[in-house]
2 protein chains.
Amino acid sequence: MQTKVKGDGGGAVRGADGDPLTPLELGAWRGLLRAHADLVRRLDAGLRVSHGLSLSSYEALMLLGTSPRGRMRISELSGATLLSVSGMSRMVDRLVRDGLVVRESCEEDGRGAEVALTPSGRGRLRAARAAHLADVRREFLGRFADDELREMSGFWSRIEPDGRGA
Amino acid sequence: MQTKVKGDGGGAVRGADGDPLTPLELGAWRGLLRAHADLVRRLDAGLRVSHGLSLSSYEALMLLGTSPRGRMRISELSGATLLSVSGMSRMVDRLVRDGLVVRESCEEDGRGAEVALTPSGRGRLRAARAAHLADVRREFLGRFADDELREMSGFWSRIEPDGRGA
DNA sequence: GACCTTTGTTTGCATCGTCAACTATCCTTT
DNA sequence: AAAGGATAGTTGACGATGCAAACAAAGGTC
């Protein structure tokens, strides 16, 4: 049962709708924001100084590198990452400018662009990969036990879907 | 003990340094990224359409609203949020432009600027507050039990400090 | 096969954020 | 009290992003 106390002295674990966040709630919510920001900043900095890649461009290259066909549509990339389609389009612009990928026109769909790694992109990915994975493990995964990671995964899945139905 | 199997068929729960992330690791790591992105996007959108505030400007106004002296230094605001000092300086620019806060020169320190809510800023904050807190509870806090939130807080605190010592 | 709808991508505009360089002030030391 | 160094904040240049509108090509439908 959730503790819903309105106007008590401060022992409430959960606040009602308009109440200020309780310490418990603050810890979970602000903690998420701060932990994410810290973590991303560290990992991004690591990739950037060592390999000139942002975290999101790494993710894009990595998706391309493991894609079975070796090339992906913009929308496919966007769906698999956290970027909007337009954001991904611009990211691909930058990757093209840096010579890491090429845009190819799509055979089956004249609207489409397909994106593929260049040799240079493949090399950059390979160079960055091990170090980045080690970073992720050192800064994040390594700080939790297996069952904690499992539990965390479960937490995340509860946030995802929603949509909007009541 | 952590399962560290190198080169097995796919049953590994944890990978070694250079290995690709296992499903367990992926679930926790990508899940964090996605959950955060989804959550922030939803809350930001809610605040923005209803009250013309971004999540970070809400946080700044909220800090000002609950500050004992009613006004705060730029660096104080920056330290309490996730923005750099220069980022906060620009955010204050926007808030000033929108008439929600004022910059006052600081009595004790001639370099300093102090930031204080205007009546309009106070009003905007009050108008946004309840709806935003309800959003946070609906989209995030409400999906977890008390002890889960407590556990989550514990997780966050393990990411924070580090520094760099081995 | 012209028309309308849907879908994939790009672009215009605005916001938001960082780092590095700069200015202004403060503080300590001599 | 002048010099040197630390600290607070602002600004310039730039990079990312998102949303909405614009485009372009497919795919029906009649």
Side-chain angles (χ1 to χ4, degrees), chain A residues 33-34 36-38 40-49 52-60 71-98 100-115, chain B residues 33-34 36-49 51-61 71-98 100-116:
Chain A
L33 295 181
R34 178 165 296 274
H36 173 272
D38 285 358
V40 164
R41 229 184 299 248
R42 274 181 244 155
L43 293 173
D44 196 82
L47 272 172
R48 205 176 290 274
V49 303
L53 291 174
S54 68
L55 190 52
S56 5
S57 44
Y58 173 84
E59 301 256 311
R71 47 234 205 69
M72 293 176 73
R73 306 287 294 260
I74 298 276
S75 49
E76 206 178 349
L77 282 166
S78 156
T81 61
L82 305 165
L83 266 63
S84 66
V85 173
S86 74
M88 182 53 73
S89 176
R90 287 183 212 277
M91 151 133 307
V92 170
D93 287 346
R94 277 167 295 196
L95 293 175
V96 167
R97 180 202 58 191
D98 297 346
L100 303 177
V101 305
V102 287
R103 264 201 181 83
E104 297 171 347
S105 46
C106 179
E107 294 285 291
E108 311 100 21
D109 189 336
R111 292 164 295 189
E114 283 194 318
V115 183
Chain B
L33 295 181
R34 179 165 295 274
H36 173 272
D38 284 359
L39 212 41
V40 164
R41 229 185 299 247
R42 272 181 245 154
L43 293 173
D44 196 82
L47 225 36
R48 201 176 293 275
V49 303
H51 303 97
L53 292 174
S54 67
L55 191 52
S56 6
S57 44
Y58 173 84
E59 301 257 311
L61 293 186
R71 46 234 205 68
M72 294 175 72
R73 306 287 293 260
I74 297 276
S75 49
E76 206 177 349
L77 282 166
S78 155
T81 61
L82 306 166
L83 266 63
S84 65
V85 172
S86 75
M88 182 54 73
S89 176
R90 288 184 207 280
M91 151 131 308
V92 170
D93 287 345
R94 288 183 295 257
L95 293 174
V96 167
R97 181 202 56 191
D98 297 345
L100 303 177
V101 306
V102 286
R103 265 200 179 82
E104 296 171 347
S105 46
C106 179
E107 293 285 291
E108 311 101 21
D109 188 336
R111 295 165 294 187
E114 283 193 318
V115 183

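The shown structure was predicted, so the numbers you read here are calculated from the model rather than taken from an experiment. All chains are named by letter (A, B, ...) in the order of the sequence lines, taking the proteins before the strands, and each is independently numbered beginning at 1.
- Once rounded to the nearest 0.5 Å, the distance linking CD1 of A:I74 with CE of A:M91 reads 11.0 Å.
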Pairs: protein N or O with nucleotides 24-28 of chain D N or O, under 3.5 Å:
unit_1: D:dA26; atom_1: OP1; unit_2: A:G110; atom_2: N; d: 2.6

- prompt: side-chain contact (heavy atoms from CB on, under 4.5 Å) between A:L33 and B:H36: does it pass, once the steps are laid out?
  reply: CA-CA 8 Å; A:L33 295 181; B:H36 173 272; 4.0 Å; yes

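- The distance from the CZ atom of B:R111 to the OG atom of B:S105 is 14.0 Å, given to the nearest 0.5 Å.
- Using a 4.0 Å heavy-atom criterion, one finds that A:L82 contacts the sugar-phosphate atoms exclusively.
- Two residues, A:S84 and B:E114, neighbour DNA chain D, and the one matched to the more 5' nucleotide by heavy-atom proximity is B:E114.
- Contact annotation: the side chain of B:V92 approaches that of B:R103 to within less than 4.5 Å [non-hydrogen atoms, C-beta and beyond].
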message: Does A:L53 form a side-chain contact (heavy atoms from CB on, under 4.5 Å) with A:L100? I'd like the steps, not just the answer.
response: CA-CA 10 Å; A:L53 291 174; A:L100 303 177; 3.9 Å; yes

B:L77 vs B:L83, side-chain contact (heavy atoms from CB on, under 4.5 Å): CA-CA, chis, key distance, verdict: CA-CA 8 Å; B:L77 282 166; B:L83 266 63; over 6 Å; no

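- The interatomic distance linking B:D44 (CG) with D:dT17 (P) rounds to 15 Å, in whole Å.
- Residue B:R94 is in base contact, counting any heavy-atom pair closer than 4.0 Å across all strands shown.
- Between B:S78 and B:S84, the shortest heavy-atom distance links the atoms OG-C, 3.6 Å.
- Side-chain contact between B:E76 and B:V115: absent, with no pair of heavy atoms (C-beta onward) separated by less than 4.5 Å.
- Nucleotides of DNA chain C with any atom under 4.0 Å from a heavy atom of chain B span, from 5' to 3', C:dT15 to C:dC26.
- Between the P atom of D:dG18 and the CZ atom of B:R48 lies a distance of 12 Å, rounded to the nearest Å.
- Here D:dG9 presents its C1' atom at 15 Å from CG of B:L83, a figure rounded to the nearest Å.
- No side-chain heavy atom of A:V102 sits under 4.5 Å from any side-chain heavy atom of A:V96.
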Any protein N or O atoms within reach of nucleotides 20-23 of chain D? Criterion: under 3.5 Å, listing atom names and distances.
none

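- Using a 4.0 Å cut-off between a side-chain N of Lys or Arg and a carboxylate O of Asp or Glu, B:E114 and B:R73 do not qualify as a salt bridge.
- If you check every strand for non-hydrogen atoms under 4.0 Å, A:M88 touches nothing.
- Residues B:S57 and B:S54 have side chains that bring a donor and an acceptor to within less than 3.5 angstrom of each other.
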